[in-house]
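Down below is the structure, laid out as structure tokens.
Atom set for the values below is all heavy atoms of this structure, side chains included, hydrogens, waters and symmetry mates excluded. First the proteins, then the strands, lettered A, B, ... as listed; each starts at 1.
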Amino acid sequence: MDFFKRHFLVPLIAVLGLVALAYIGVKADLTFVFGVVIPYLAVLIFFEGLIFRIISWARSPVPFKIPSTCAQGKSLPWIKRSLADKLDNPENRLQVFGRMALEILTFRSLFRNTRSELQPNQEKPEDSRLIHWSYKWLWLGAIAFHYAFLIVILRHIRFFTQPVPHFVTALAEADGFVQFYIPTVYLTGVLLVVAVTYLLARRLYTPTLRYISLAADYFPLLLIMAIGLSGILMRYFYKVDIAAVKQLAVGLATLRPVVPDGIGVIFYIHLFLVCVLFAYFPFSKLMHAPGVFFSPSRNTAGDNRWKLHVNPWNYPVKFHDYMHQEDDYREAMIEAGLPVEKEK
Amino acid sequence: MDHNGNYKNEFGWFADKPKVPKKLFNFKAVFIGVVIFVVLVTSPLWKNLGQIIPGPDPQLNTAAIMKLPEKDRTCVESKEYMRANHMLLLGEWRDEVVRDANRDYVNSKGKKYLASLSNNCMECHSNKSQFCDQCHNYVAVVPNCWGCHWEKEKEKKQVAQSEAK
Ligand code: HEM
């Protein structure tokens, strides 16, 4: 099997295998395992793994200050700095906060994504030219995906709380404002699947991206796609008893688990895939979510010019200075006629 | 030659091994961040922790249902099917009526029903606030049918909790 096929097919088979596993498990009457034991385990692994990784990151020293400086830094008083300069090359905590907020809420550095391509040179037909241009589709796909994911998860709070917080019902109402179909279609659920399909297609379609994509890149995309599709199938086509689902979910949330009878298999498939996602999270590239907070190029202020940053690795070095050097080689130096500081 | 030290890395000989301090850098910021995350994620769940939350309790004791003979006291389809699929059934009815002018629904047992929300579902289940709303409030859905479709309780000016905005 060639490189691409191995790295794409293995996660595909893995996700299908997970679906089959949940299906067989529920058919074998393991609803308590799939409805209670695995969700609790997944949540434990998620938090434990998350905190473990965060602590190990926090223990890694930052040797240098490397704020990315794509803008005019603070300098002489008569050199003006606009707000954009301050947000790009922050001089203090507040401005760093602004840069982080823009990064996290709007994916600002992704917005500046460029694409490079060799294109035929009009003037010299036998040559090609390297062209860079601003490429916003990845940003659009990513931001649509992340916000759809967030809103879908927030809407799911209605399964875990009683009474349901007001903002959740308001969100659901806004999300279903098209009032299309019964049950009302939630736009973000569809958007989630569309966006994740784009993100996957991008990796498959572009040869250079396909070349660098690994199983660890495809697996989360396929997993999230399967979660979205199973959710959509469950909501619009193969209905399950949602009132019973809520009893199960509330049971989990209140630590008084119950497993009502008669919930369709597709719910357990959806839930199992979600559990796998949560348990997989701390060990995967999905850790970019907490990781962005630890990015020195984003979270350090560009104050190198007036604040000393001491490398925490710095250790006492035994110096071997010139006088020691001369002590070592004095005789040879005199013999060769080189000038020395001390004769003896 | 002994280069006055015993440790070598790619840059040459050094006196001591580099000592990376075993500590959490920026402990305060990391701690606050983790706490904020955990609190934010779990906060919707605190209130009900350890409590038993009763499920919905839809009432089936309307006059129309009580009038049915004991063995025929069923819904248009089986109870399990209705619980999960009643919204799809309503949509199917609507499409049949509005698009094909077909007001008959033949259920899986071959029994014929009038395909109508107000004139069939709500005849038997005339207690909307004790029945439909029981479940819908529980799962926080607000079917928007009642702006157009009539139901008996409207006469009594009882507005369902889910629709009282
Ligand atoms: C990573 C987390 C999850 C994602 C991304 C996700 C995604 C989705 C999506 C896209 C839908 C389609 C309907 C919609 O747009 O809301 C859906 C429906 C559903 N999900 Fe999830 N889900 C997640 C976690 C869960 C969990 C933990 C449960 C357990 C209670 C759950 C239970 C359901 C149910 C019962 C439906 C059907 C909703 C309905 O009929 O109204 N999901 N999910």
Can you tell me if [atom1] on [X] sees more than 12 non-hydrogen neighbours from other groups inside 6.0 Å?
X         : atom1 : value
Arg93(A)  : CZ    : no
Phe46(A)  : CZ    : yes
His309(A) : NE2   : yes
Phe97(A)  : CZ    : no
Asn92(A)  : CG    : yes
Phe177(A) : CZ    : no

Which heavy atom of [X] sits nearest to which heavy atom of [Y], and what is that distance?
X         : Y         : value
Ala84(B)  : Lys239(A) : O-CB, 3.1 Å
Arg158(A) : Val141(B) : NH1-CG1, 3.7 Å
Ile182(A) : Gly91(B)  : CD1-CA, 3.8 Å
Tyr236(A) : Leu88(B)  : O-CD2, 3.6 Å

Residues Asn144(B) and Gln179(A): side-chain donor-acceptor under 3.5 angstrom: yes
Is it the backbone or the side chain of [X] that comes under 4.5 Å from a heavy atom of chain B, or both, or neither?
X         : answer
Ile55(A)  : both
Leu50(A)  : side chain
Ala243(A) : both
Phe167(A) : neither
Ser60(A)  : backbone
Val240(A) : backbone
Ile157(A) : side chain

Going by residue number, which parts of residues 96-125 of chain B are within reach of chain A, meaning a heavy-atom gap below 4.5 Å? none
If you check every heavy atom in residues 49-68 of chain B against those of chain A, which residues fall under 4.5 Å? Leu49(B), Gly50(B), Gln51(B), Ile52(B), Ile53(B), Gly55(B), Pro56(B)
Where does Val139(B) contact chain A at under 4.5 Å (heavy atoms): side chain, backbone, both or neither? both
Phe31(B) CZ to Ile54(A) CD1 distance, which is reported to the nearest 0.5 Å: 12.5 Å
How far does CG of Asp241(A) sit from OH of Tyr81(B), to the nearest 0.5 angstrom? 13.5 Å
Scan residues 82-92 of chain B for pairs that pass side chain to side chain donor-acceptor pair (under 3.5 Å), counting only residues two or more places apart or in two chains. none
What residues of residues 288-302 of chain A sit under 4.5 Å from chain B when you count only heavy atoms? Phe294(A)
Judged by atom type as modelled, is there a donor-acceptor pair below 3.5 Å linking the side chain of Lys246(A) to the main-chain atoms of Tyr138(B)? yes
Test item: Asn48(B) side-chain N/O and Ala253(A) main-chain N/O as donor-acceptor pair under 3.5 Å: no
4.5 Å side-chain heavy-atom contact, Val62(A) and Phe25(B): no
